[in-house]
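Quick notes on the structure that follows.
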Amino acid sequence: MPARRILHIDLDAFFASIEQRDHPEYRRRPVVVGAEPGRRGVVAACSYEARRYGVHSAMPISEAVRRLPPETVYLRPRIDYYACVSREALAALGTISPLVESASIDEAYLDISGLDSLFGPPEAIGRRAKAVIREAVGLRASVGIGPNRLVAKLASDYRKPDGLTVVPRERVQAFLDPLPLTALRGVGPKTAPRLRQMGLRTIADVRQVPLLELRRRFGHLAGTRIYAQCRGQADDTVEPGRRRQSISKEITFDSDLCEVETLRETLYWAAQEVGALARRAGRRGVSLTLKLRLADFTTHTLTRSLSVPTAEDRTLFREAWGLYRQSPWSGKPLRLIGLSLSGWDPSDAPSAQRELFPEAGPEEDSKTAKLYRALDAVREKFGKDALHFGVLPAARSQSPKRSS
DNA sequence: TCTGGGGTCCTAGGACCC
DNA sequence: TCTGGGGTCCTAGGACCC
């Protein structure tokens, strides 16, 4: 197997940048996309102007409001629209390599092994990736190139926004060594303090710890993975066809809720949403998980294996409601309720699916994106309630079960 | 500070079977 | 009246990521 070369591309401040692209008047102003100020929730994304005030994604919206100046623009996310833009960008990357894997709505990995003869050295391929994104969707991106996914990802993080970093194989250890240990994949808010307590700060420090010691402290797999990553060893494969393992819908109430009828309606709404998404993906699942978060933020899940795979709203609701009623938390005030479907029926073969439920192609996405922009223009001109598409389906119209 | 919503993957215990 | 060992499935919880 010849050595691989992986490119990671990350669209800078994705949600906020799309809004600034579409609304010139938002440019050079702090833009926050996320929860509505005054309600429960967090920042989903923010512009670089907002980051200057110490605001970052996942920060409670209340804290962001405290820090940001009055000219800040607060927007609710338009995820479906951003997903269209994401697919347009992904399609553009397909002109560089056929091996493109979407890692999230704003990131992708490309296998660019052996493309030098076509496009030149890695730097040239990196510049080309940024250029095709710019041309296709008018957004800036940061690119990292390395011998595997870990190094490519850390390289794209290295210089932002609009960065390009290439780490050749022989420079990997020197690149990794000074980075903080939180750069390791799988080292988060729980594991990082435990490593720091061992007197470790950087990846070079963690590299001094023996394999068995890491396994003993963090478990076999996690320990093995930390050990390998410190040495620049990581997954170097790109899987273009990865499909999701589960489909879920959840909602946090504005204030904790224990009113049974509202809970029932919310759960029915969630079942409809999950069912519709599953049917659109051509999937039926056998594993249904109900998620409950109590007033004190403790979270519980209850799973039921169904006898027959399903994507049917009423079945999903019936089973989920049954789980809720027999759970020890039934009747307690809830902060969040959610529903998830997984365990896909293997007979729902992806090939058959694509015929039944074609994924939106680049053309449809570009058309949809244009439609969104046209609708926005109308709203801007005639007010945001100018577009009203008749009667909403009953359960959906009740969907924002956020008690005020 | 007071903590969204969408996911992935891992661990561990118990049931069950041979 | 004492009780192995291994494999697999199911379930709950937890850590992490964007």
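Note: hydrogens, waters and symmetry copies are ignored here, and every other heavy atom, side chains too, is used. Each chain gets a letter, A, B and so on, in the order its sequence line appears, and its residues count up from 1.
Within 4.0 Å of A:R67, counting heavy atoms only, lies no atom of the nucleic acid at all. A:Q245 comes within 4.0 angstrom of sugar-phosphate atoms only, judged by non-hydrogen atoms across all strands, and of no base. Residue contacts for A:R293: at a heavy-atom cut-off of 4.0 Å it reaches the sugar-phosphate backbone alone, with no base atom in range.
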| request: Give the dot-bracket string for DNA chain B, reading 5' to 3', where a pair is Watson-Crick or G-U wobble with both distances under 3.5 Å, ( ) marks pairs inside the strand, [ ] marks pairs crossing earlier ones, | marks a partner on another strand, and . marks unpaired. | output: ....||||||||||||||

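Between A:L339 atom CG and B:dG7 atom P the separation is 12 Å, expressed in whole Å. Taking atom CD of A:E250 as the reference point, atom P of B:dT3 lies 15 Å away to the nearest angstrom. Taking atom CD on A:E63 and atom C1' on B:dG4, their separation rounds to 16 Å, with Å as the unit. Atom CZ of A:R242 and atom C1' of B:dT8 are 8 Å apart (whole Å). The NZ atom of A:K249 sits 9 Å away from the C1' atom of B:dG6 (whole-angstrom rounding). Atom C1' of nucleotide B:dT3 and atom CZ of A:F297 are separated by 5 Å, given to the nearest angstrom. Counting to the nearest Å, the P atom of B:dG5 and the CG atom of A:L336 are 6 Å from each other. In this structure, A:F253 places its CZ atom 13 Å from P of B:dG4, rounding to the nearest Å.
Listed by first and then second residue, the salt bridge (charged side-chain N to carboxylate O under 4.0 Å, His left out) pairs that reach into residues 209-232 of chain A are A:E213-A:R216, A:E213-A:R217, sequence neighbours excluded.
For the side chain to side chain donor-acceptor pair (under 3.5 Å) test with A:D12, the passing option among A:S142, A:S17, A:S47 is A:S142; the others fail.
For A:R66, the side-chain atoms get nearest to B:dC2 when compared with the rest of B:dC2, B:dT3, B:dT8. Nearest to the side chain of A:A44, among B:dG7, B:dG4, B:dG5, sits B:dG4. Closest contact between the side chain of A:I247 and the listed nucleotides B:dG7, B:dG5, B:dC2 involves B:dG7.
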Under 3.5 Å, which donor-acceptor pairs do the side chains of residues 50-62 of chain A form with other protein atoms, sequence neighbours left out?
from, atom 1, to, atom 2, distance (Å)
A:R51, NE, A:C46, O, 3.3
A:R51, NH2, A:C46, O, 3.3

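Contacts of A:D111 classified as side-chain contact (heavy atoms from CB on, under 4.5 Å), with partners at least two apart in sequence or in another chain: A:R4, A:I6, A:L99, A:S113, A:V238.
Between the side chains of A:Y81 and A:D22, a donor-acceptor pair is found at a separation under 3.5 Å. Checking A:R284 against A:T310 by side-chain atom types alone, no donor-acceptor pair falls below 3.5 Å. No side-chain donor-acceptor contact under 3.5 Å links A:E49 and A:Y26. Inspection of the A:R304 and A:Q326 side chains reveals an N or O donor paired with an N or O acceptor under 3.5 Å.
With hydrogens and angles disregarded, a donor-acceptor distance shorter than 3.5 Å links the side chain of A:S86 to the backbone of A:I105.
The aromatic rings of A:H8 and A:Y109 sit tilted, their planes meeting at an angle between 30° and 60°.
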| field | Letter per nucleotide, 5' to 3', of nucleotides 9-18 of chain C [B base touched, S only sugar-phosphate touched, - untouched; heavy atoms, 4.0 Å] | value | -SSSS-SSSS

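Between A:R335 and B:dT3 there is a side-chain N or O to OP1 or OP2 distance below 4.0 Å. Dashed line: the shortest gap from a side-chain N or O of A:S248 to OP1 or OP2 of B:dG7 is under 4.0 Å.
Environment of CD in A:E170: crowded, with over 12 heavy atoms of neighbouring residues, nucleotides or ligands closer than 6.0 Å. Sparse packing is recorded around OH of A:Y158, with 12 or fewer heavy atoms of other residues, nucleotides or ligands lying under 6.0 Å away.
Nearest-nucleotide positions on DNA chain B for A:G219 and A:A295 put A:A295 closer to the 5' end.
C:dC17 and B:dT3 are spaced 22 Å apart, taking the P atom of each and rounding to whole Å. Atom P of C:dC18 sits at a distance of 25 Å from the matching atom of B:dC2, rounded to the whole Å.
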| request: Carefully, step by step, assess A:E19 and A:R78 under the rule salt bridge (Lys or Arg N to Asp or Glu O under 4.0 Å). | output: CA-CA 10 Å; A:E19 299 297 350; A:R78 302 183 288 160; 3.0 Å; yes

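A heavy-atom distance below 4.0 Å to DNA chain B is reached by none of the residues of residues 196-211 of chain A.
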